[in-house]
Number of protein chains: 2
Amino acid sequence: MPETSPRAHDALEITAPHRELLDQVLDKWSLEVLAVLCESPSRFNGLRRAIPAVTQKSLTATLRRLERNGIVEREVVATRPVAVEYRITPLGKTMREPVDVLLAWIRDHTPEVERARDRFDAAGT
Amino acid sequence: MPETSPRAHDALEITAPHRELLDQVLDKWSLEVLAVLCESPSRFNGLRRAIPAVTQKSLTATLRRLERNGIVEREVVATRPVAVEYRITPLGKTMREPVDVLLAWIRDHTPEVERARDRFDAAGT
DNA sequence: CTGTATCCTCTAGGATACTG
DNA sequence: CAGTATCCTAGAGGATACAG
């Protein structure tokens, strides 16, 4: 049994490319967009209505980023005026489970975290 | 079975407090700190050595945030000069599984994402 | 050794106006 | 309808110096 590694096991190891992908996929609006598109394909303004707080600029940026990463798909329907449909890709669907697990943890532990915050803040009086 | 909800199921739903916790726990340095502390308790400069890229300021901020959220614990050992030990809490340990699942997804799909990026960038020629 | 305190830069993202 | 183009600002985070 070699003892060369400073850490016993590195399931949590995270390299620069991994960090970048993590940021692109868990950023401020991506999860909301994914939530909508996981239910059904949607058009640009449909997404805006579903996510009222997002600005046009940020939504565009988020969609481009997700498209570039192969998470969503963009189809232009050449009507007048044009319609653009966004769909989640097979790759995008594989994100669902890990994201669900993560959000489940968040939901389950938010109360405990809030108690910890109260204690911490009270101690700092 | 009521059909009041616009979305079929909202496992991906994310509220403001959830988003905040997500940001505090998945931010730039938190995962690296967690990775170290999951292996064993560590002192401040031990963490610095384990994570060479982090600045003193950011490490302090990260540790304070994690401590406030009940993820890590801080113990001051009153020697001369003082030593401060950081440990992961039971709550912190529960983060491990969801984070592992997430990072596993990242690792497993980075190649496919990179192919998607190449296609996207090539198309934009 | 374990931090604060400043200063400074850089980028995400909002507001708003315009376009094919 | 589905975007671009600008302008602007708040906050994250680096570099550096100092302190208990």
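In what follows, chains carry the letters A, B, and so on, assigned in the order in which the sequence lines appear, proteins first and then strands, with residues in each chain numbered from 1. Since this is a predicted model, take the numbers as computed values, not measurements.
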Atom-pair distance (CD on B:Glu20; P on D:dA12), nearest Å: 11 Å
Which atom pairs link the protein and nucleotides 5-13 of chain C when you take only N or O atoms and keep those under 3.5 Å?
from   : atom 1 : to      : atom 2 : distance (Å)
C:dG13 : N7     : A:Lys57 : NZ     : 3.3

Does A:Leu66 form a side-chain contact (heavy atoms from CB on, under 4.5 Å) with A:Gln24? I'd like the steps, not just the answer. CA-CA 8 Å; A:Leu66 291 176; A:Gln24 302 213 349; over 6 Å; no
Do any side-chain nitrogens or oxygens of A:Arg43 fall under 4.0 Å of OP1 or OP2 in D:dG3? no
Would you mind writing out the side-chain donor-acceptor pairs for residues 71-78 of chain A within the sub-3.5 Å range, not counting sequence neighbours?
from    : atom 1 : to      : atom 2 : distance (Å)
A:Arg74 : NE     : A:Tyr86 : OH     : 3.3
A:Glu75 : OE1    : A:Arg87 : NH1    : 3.3
A:Glu75 : OE1    : A:Arg87 : NH2    : 3.1

Strictly below 4.0 Å: does B:Arg64 bring a side-chain N or O up to OP1 or OP2 of C:dT4? yes
Could you tell me how far apart B:Glu75 (CD) and C:dC1 (P) are, to the nearest whole angstrom? 18 Å
Taking all heavy atoms of B:Val54 and all of B:Leu59, pick out the closest pair and write down the distance. CG2-N, 3.7 Å
Using heavy atoms to find the nearest nucleotide of DNA chain D for A:Phe44 and B:Pro81 separately, return the residue whose nucleotide is more 5′. A:Phe44
Nearest-Å distance, CD (B:Glu85) to P (C:dC1)? 15 Å
Under-4.0 Å side-chain N/O to phosphate OP1/OP2 contact, B:Tyr86 with C:dG3: yes
Here the distance between atom P of D:dC1 and atom CG of A:Leu63, to the nearest Å, is 16 Å
What is the distance from CG of B:Leu59 to C1' of D:dG14, rounded to the nearest Å? 14 Å
Interatomic distance, A:Ile51 CD1 vs D:dA2 P [rounded to whole Å]: 14 Å
Considering all heavy atoms of both residues, which atom of B:Asp27 and which atom of A:Arg19 are nearest to each other, and what is their separation? O-NH1, 3.2 Å
Taking only the side-chain nitrogens and oxygens of B:Arg74, find out if one of them lies under 4.0 Å from OP1 or OP2 of C:dG3. yes
5' precedence on DNA chain C between B:Ala83 and A:Val54 (nearest-nucleotide basis): B:Ala83
Could you please spell out the steps behind the side-chain contact (heavy atoms from CB on, under 4.5 Å) verdict for B:Leu26 and A:Leu102? CA-CA 10 Å; B:Leu26 291 189; A:Leu102 181 65; 3.7 Å; yes
When the distance from CZ of B:Arg48 to C1' of C:dG3 is rounded to whole Å, what number comes out? 10 Å
Whole angstrom value for the distance that separates C1' of D:dA12 from CD of B:Gln56: 18 Å
Would you call A:Glu20 and B:Arg117 a salt bridge, taking side-chain N to carboxylate O under 4.0 Å as the test? yes
What's the verdict on side-chain contact (heavy atoms from CB on, under 4.5 Å) for B:Ser42 and B:Leu47, showing C-alpha distance, side-chain angles and the deciding distance? CA-CA 6 Å; B:Ser42 180; B:Leu47 285 162; 3.8 Å; yes
